[in-house]
Every structure is written in structure tokens, then in C-alpha cells.
There are 2 protein chains.
Amino acid sequence: MTHPAPDNTRERLLIQAELLFSRKGFAAVSVREITSAADTNLAAVNYHFGNKMNLYLSVFKERWVPRAQEIRKFFKNFLSGKNHPDTSDVVRAIATAFLEGTMTDDEQRCQIGLMQRELAHPTEAISIVVDEVLRPMHHDIQKQIRPSFSKKADLEQLTLSIFSIISMILYFEFARPVVSLVMNQEFDSQYKSRVIDHIVSFTMNGINGFKEEKTI
Amino acid sequence: MTHPAPDNTRERLLIQAELLFSRKGFAAVSVREITSAADTNLAAVNYHFGNKMNLYLSVFKERWVPRAQEIRKFFKNFLSGKNHPDTSDVVRAIATAFLEGTMTDDEQRCQIGLMQRELAHPTEAISIVVDEVLRPMHHDIQKQIRPSFSKKADLEQLTLSIFSIISMILYFEFARPVVSLVMNQEFDSQYKSRVIDHIVSFTMNGINGFKEEKTI
DNA sequence: GTTTGTATTAAACGATCGTTTGAATGTCAA
DNA sequence: TTGACATTCAAACGATCGTTTAATACAAAC
């Protein structure tokens, strides 16, 4: 067989690299740190991925995107039960998919951390983030939420509203240590579900407010 | 005179360091990069600030905090005209102070970029950010906006609402390149004021929604 | 003019960075 | 057993990192 068997080392490298990159960012993580965490040799990164940046991109291609697709799937399944989901259903679906989906807490932090860092300081991976996830999800959400909006002129308002929802989700996850610090409350699962409730209520009111403004 | 004259090199270092740190983060910027941008010698950082981290902290102490205080001042002045500002006034004051205050566009990006990076990856500077700005501003906002809330039980909801406002402001500024990319629209001043309008409307509806929920 | 102290400079320090090398493994097919 | 190939490993590469040093330039004080 010319093709290699499913490679254990390669997988361990991806896992540890993802974790470290999401916590510290690309520049702050060394190859030695990754290979040490993956319990393998220094040269393993260059053997399996060519170089450090390619490892970073592979993390997005082989781990980040698949999980993002699970988030999308969760979002769709969440709404599949209802044939006419209202705005609050959609928003709750988004928030829950991101913050309480099928992922563990560490996986969520990892996923959102990597996304946030790419939004803040784009590398080549930004095209993956935007093309494979942001645009499609934006389209999904738009499609689901649009009935709550009346006029065509509201399209920009709709887009901005979606960004607002995303921003809250990312912020509560990303700035978690500081949010806990300011609110003097630890970020446990119970608190997380309260955050989700808040985002849903806050957003729903916001969007319904727009609707009332236009129709009344 | 024993005290040195107002030091030009020191000031140039602070300015360039602030700019580079806000764009790339602490780890991704080298001392040589800073001293080169400040048009001075490599050893200048260690002479004037001791080491790289101390330069980073000095950026927060000597440039970030003073500008944050100007933002706070702007926020207060914005509301000083009205003796009974309503919710939308307060929210507009926050958004305007952050996004259209007395600072230039570059200064805003700088200021918010540094803050975002500290929220995401706290260093020693996080105590400065929280103690000198986040807590006091949070208190200011709470004081101004509280009349819109009725029961004591809503205090957490109020706090979460403030976080939501901050999150939107930070997101639209921080993820500016991606927002432009997804919305296919450049982030000019006209667009920025539309974003402010959106945040104000969105937030006001959200908070008023809470009020209606509780009182009706 | 000499002294004193600050500021700047070129050069080098050891450490760590990403990457490369070549030999030593292990694993199958022939 | 042999050969071919994939994988791992220790070691080293040149480059760059933050930091230090010693020499120099410069100004004001005496």
C-alpha cells in the first residue's frame, strides 16, 4: 500500500495545535510547544505539514470546518421540528448551536477562539472562515429570519442584526475571563444558559422593535 | 535640573509600540520592529522602559488610559445637556463615544484593538483595563440607564445588556475587515454612523422589550 | 575646562525560533 | 532475507528573538 495508514501522530499534532493556537494565537505558539504537547519529535510538524503555517491552515481545514459544519447541522436540526419558526426560535437556535451544541466546553472555546483570532487578525485561513462558514451561515439565518422583516430596504438592517447576534455570542465566549471578573460570577453551564436566554430576549426584542417601527 | 527634558524618543516609542501592538498583538511584534518604526536604536526600549513587557504596560498606562478617560468624559458631556436622558440617549452616547468621539479613526482602531486583545488574552494590563475603564464605565452606564429598569431582580439583566452593547461596538470595530468583506461594503464614516444607528435602535428595542416584559 | 549625568549608538550576548538534514527505526511486499 | 517506503529521531542549521554591554555624544553645572 502506498498510502499511509491513518496517522496517529498527525492527528495528535492537529489536536494540540488547535488547542494552543486558539489560546495564544499563531505567533505566540512555537513548533516545539506543539510537538511537545503532542508528545512527538520536533521535526514531525515539518514532516507531516511542511511548515508551521500549513499546520495552522490544516487545523482550520481538517478540524475547524468539520466542527463548524456540525454547528450548522445542529442549527438546522434545531429548527427542523417547527415548520414556521419565529424569530426567537431562530436566535435561540444560533446561540444554542454555538454555545451549547454537540461540542464540549473546551471544544467551543477552541472553535470560537480560533474564529475570533481570524476575524481580528486575518491570515490565509480567513477565506476558509468566511467562505465555508460565515457566508453560508449568514445565508441560512437570513433565510430563516427574513419573514420577520417586511420591506426590501430592511436587508441591511437584517444583516446588521445578524452581526449583532454573532457579536454577542463571540464576545461572551471570548471575553469570558473578563466577563466573569466584572460580573463577579464564574462562567459555569448554568450561567451560560442564562447568557443564551439573555441573547435571545435581547435580540428578539431588537428585531421585533424594528418590525414594529416599520409596520406601525 | 536632574529631571530629563520631555523625552522625544520615549514618546515616539510609545506611539509606534501602541500602533504595532494593537495591530499584531504583543508576541507578534518585535522590539526591533518598534525601534525601527520609531526611528531609534534597538537598545532604546530597554533604556527607557526596562524591557518589552514594561513598554507594553506603559502603552496602557500612558496612552490607553488617558484616551479612555477622554472617552468617558465625552460620554458624560454627551449626556450633560439632558437632565433626564432616556435609554436611547445613553446607548447613543456610548456608541458615539467609542466610535465617533474626539479620536481619529486610527486612534479608535488602536484603542479598541488593544482592549480587545487584552480581553481575549489577558496580561498584567488587564487589571488596568478593568479597574480604570471597564468597571467605572460600567458603573456610569448602569447609573444612567437604570431608571429604565424596574425591579432589583433585573440587575443581572441590566449588566448583561451593557455587555451586549459593548460587544456590538467592539465587534463592528474589531472584525471590521470581515464585516466589510461579508457585507461587500467599505467601512467609511458614513457606514460607521449607520452602524451606530443600528446599535442604538437594536439595543433600545432590546432594553425596552425587557421593560415591557416585566411591567406588563 | 572639567565634571556629571543623560541619551544614543554599534556590537555582541545567550536563548529560542522555524526549518533542514541524515541516520535510525518500523513495516510491509517481493 | 531483501528492498522500498513511511515514519521517527537526535542534531544541527541560519535567523531572529529580547536583552546587555561598553563606548560615545551631548548638554548643563561647577
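So that the names make sense, note that chain A is the first sequence line, chain B the second, and so on, each numbered from 1. Not measured: the values here are computed from a predicted model.
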Quick one: is B/His48 getting a side-chain N or O under 4.0 Å of the C/dT6 phosphate, OP1 or OP2? no
Rounded to the nearest angstrom, tell me the gap between atom CG in B/Leu13 and atom C1' in C/dT8. 12 Å
Please name all residues satisfying side-chain hydrogen bond (donor to acceptor under 3.5 Å, both in side chains) with B/Ser193, sequence neighbours left out, ordered by chain then number. none
Who pairs with B/Lys82 by salt bridge (charged side-chain N to carboxylate O under 4.0 Å, His left out), at least two apart in sequence or on another chain? B/Asp89
Listed by chain and number, what are the side-chain hydrogen bond (donor to acceptor under 3.5 Å, both in side chains) partners of B/Thr123, not counting sequence neighbours? B/Glu118
Quick one: side-chain hydrogen bond (donor to acceptor under 3.5 Å, both in side chains) partners of A/Glu124, sequence neighbours excluded? none
Presence of B/Thr9 side-chain N/O under 4.0 Å of C/dT8 phosphate oxygens OP1/OP2: yes
Which ones in residues 24-44 of chain A lie close to DNA chain D, meaning a heavy atom under 4.0 Å from one of its atoms? A/Arg32, A/Thr40, A/Asn41, A/Leu42, A/Ala43
List in numerical order all residues of residues 49-63 of chain A for which some heavy atom is under 4.0 Å away from an atom belonging to DNA chain D. none
Out of D/dT7, C/dT20, D/dT20, whichever nucleotide has its closest atom nearest the side chain of A/Asn46: C/dT20
Does A/Glu100 have any salt bridge (charged side-chain N to carboxylate O under 4.0 Å, His left out) partners at least two apart in sequence or in another chain, and if so, which? none
Could you tell me if the side chain of B/Phe98 sits less than 4.5 Å from the side chain of B/Ile165, heavy atoms only? no
Among all residues two or more places apart in sequence or in another chain, which pass the side-chain hydrogen bond (donor to acceptor under 3.5 Å, both in side chains) test with B/Gln116? none
Identify all side-chain donor-acceptor contacts of residues 17-29 of chain B below 3.5 Å with residues at least two apart in sequence or on another chain.
{"residue": "B/Glu18", "atom": "OE1", "partner": "B/Arg63", "partner atom": "NE", "Å": "2.6"}
{"residue": "B/Glu18", "atom": "OE1", "partner": "B/Arg63", "partner atom": "NH2", "Å": "3.4"}
{"residue": "B/Glu18", "atom": "OE2", "partner": "B/Arg67", "partner atom": "NH2", "Å": "2.6"}
{"residue": "B/Ser22", "atom": "OG", "partner": "B/Glu18", "partner atom": "O", "Å": "3.3"}
{"residue": "B/Ser22", "atom": "OG", "partner": "B/Leu19", "partner atom": "O", "Å": "2.8"}
{"residue": "B/Lys24", "atom": "NZ", "partner": "B/Glu33", "partner atom": "OE2", "Å": "2.5"}

C/dT27 P sits how many Å from A/Asn8 CG, rounded? 13 Å
